[in-house]
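What follows is a single structure, written as structure tokens, with notes after it.
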Amino acid sequence: MKIEVFDRIVTGYDDRHAQFEAERMQLILEGLGSLEQFETGYYVFGEDNFSQDVLSQIAEHGMDILPLTYIDGALHQQRDYLSNEEVMALTGIEFEIVDEHEHDHSHDHAHHHHDDLGGCSCGHHH
């Protein structure tokens, strides 16, 4: 399975939620990409080559359409990243992501349940 995400540059000017989401997606792609059955890519507009299909999507809808997620070369989702649950359903791989920046490193991580994805305080359900 090939999973590719085409994104704009997420910078320090973006809000914390946008930064968290971009980091989360990159971590997922990196993790899946290390497995034999997955090929993943995270591409940034202006830095990486975008396929003609992606460029025509941007030309038609503007930069607001990013991020675009392609599964096996077909457009799967636009304007938002896949949730952890969606990635798990698609891939059959279970994982959890804990946002280390939100936690004090001195306390025990053993209390984290499978569905605890860390402390993004944006109000959205991940």
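Under the 6.0 Å cut-off for aromatic ring centres, Tyr70 and Phe6 qualify, their centroids lying closer than that.
Between Leu29 and Gly41, the closest heavy-atom pair is CD1-O, 3.7 Å. Here the shortest heavy-atom pairing between Asp64 and Arg79 reads O-NH1, 3.3 Å. Here the shortest heavy-atom pairing between Gly33 and Thr40 reads CA-OG1, 3.4 Å.
With hydrogens and angles disregarded, a donor-acceptor distance shorter than 3.5 Å links the side chain of Gln19 to the backbone of Asp14. Distance alone, capped at 3.5 Å, places no donor-acceptor pair between the Glu86 side chain and the Leu90 backbone. Of the possible polar contacts, one joining the Gln26 side chain to the Ala22 backbone as a donor-acceptor pair under 3.5 Å is found.
Atom CG of Asp15 and atom CZ of Phe20 lie 12.5 Å apart (nearest 0.5 Å). Annotation: the span from Asp80 atom CG to Leu68 atom CG amounts to 11.5 Å, rounded to 0.5 Å. To the nearest 0.5 Å, atom CE of residue Met88 and atom CD1 of residue Ile28 are 7.5 Å apart.
By the rule that hydrophobic residues join a cluster once side-chain heavy atoms approach within less than 4.5 Å of another member, Phe38 and Ile97 end up as members of one cluster. Note: the hydrophobic cluster containing Tyr43 does not contain Met1 (ILVMFWY, side chain heavy atoms under 4.5 Å, direct or indirect links). Connection of Met63 to Val54 is established within a shared hydrophobic cluster, with ILVMFWY side chains joined at heavy-atom distances below 4.5 Å, either directly or through further cluster members. Val10 and Val5 fall within the same hydrophobic cluster, where Ile, Leu, Val, Met, Phe, Trp and Tyr residues are linked whenever their side-chain heavy atoms come under 4.5 Å apart, directly or through other members. A single hydrophobic cluster is not seen to contain both Tyr42 and Ile65; linkage of ILVMFWY side chains at heavy-atom distances under 4.5 Å, directly or through other members, places them apart.
Counting heavy atoms from C-beta on, the side chains of Leu55 and Phe45 come closer than 4.5 Å. Val87 places a side-chain heavy atom less than 4.5 Å from the side chain of Leu32. Taking the side chain as every heavy atom from C-beta outward, Leu82 and His76 approach each other to under 4.5 Å. For the pair Ile3 and Thr91, the minimum side-chain heavy-atom distance is below 4.5 Å. Taking the side chain as every heavy atom from C-beta outward, Ile93 and Gln37 approach each other to under 4.5 Å.
Environment of CG in Asp72: crowded, with over 12 heavy atoms of neighbouring residues, nucleotides or ligands closer than 6.0 Å.
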Can Tyr81 and Thr69 be said to form a side-chain contact (heavy atoms from CB on, under 4.5 Å), step by step?
-> CA-CA 7 Å; Tyr81 302 105; Thr69 302; 5.6 Å; no

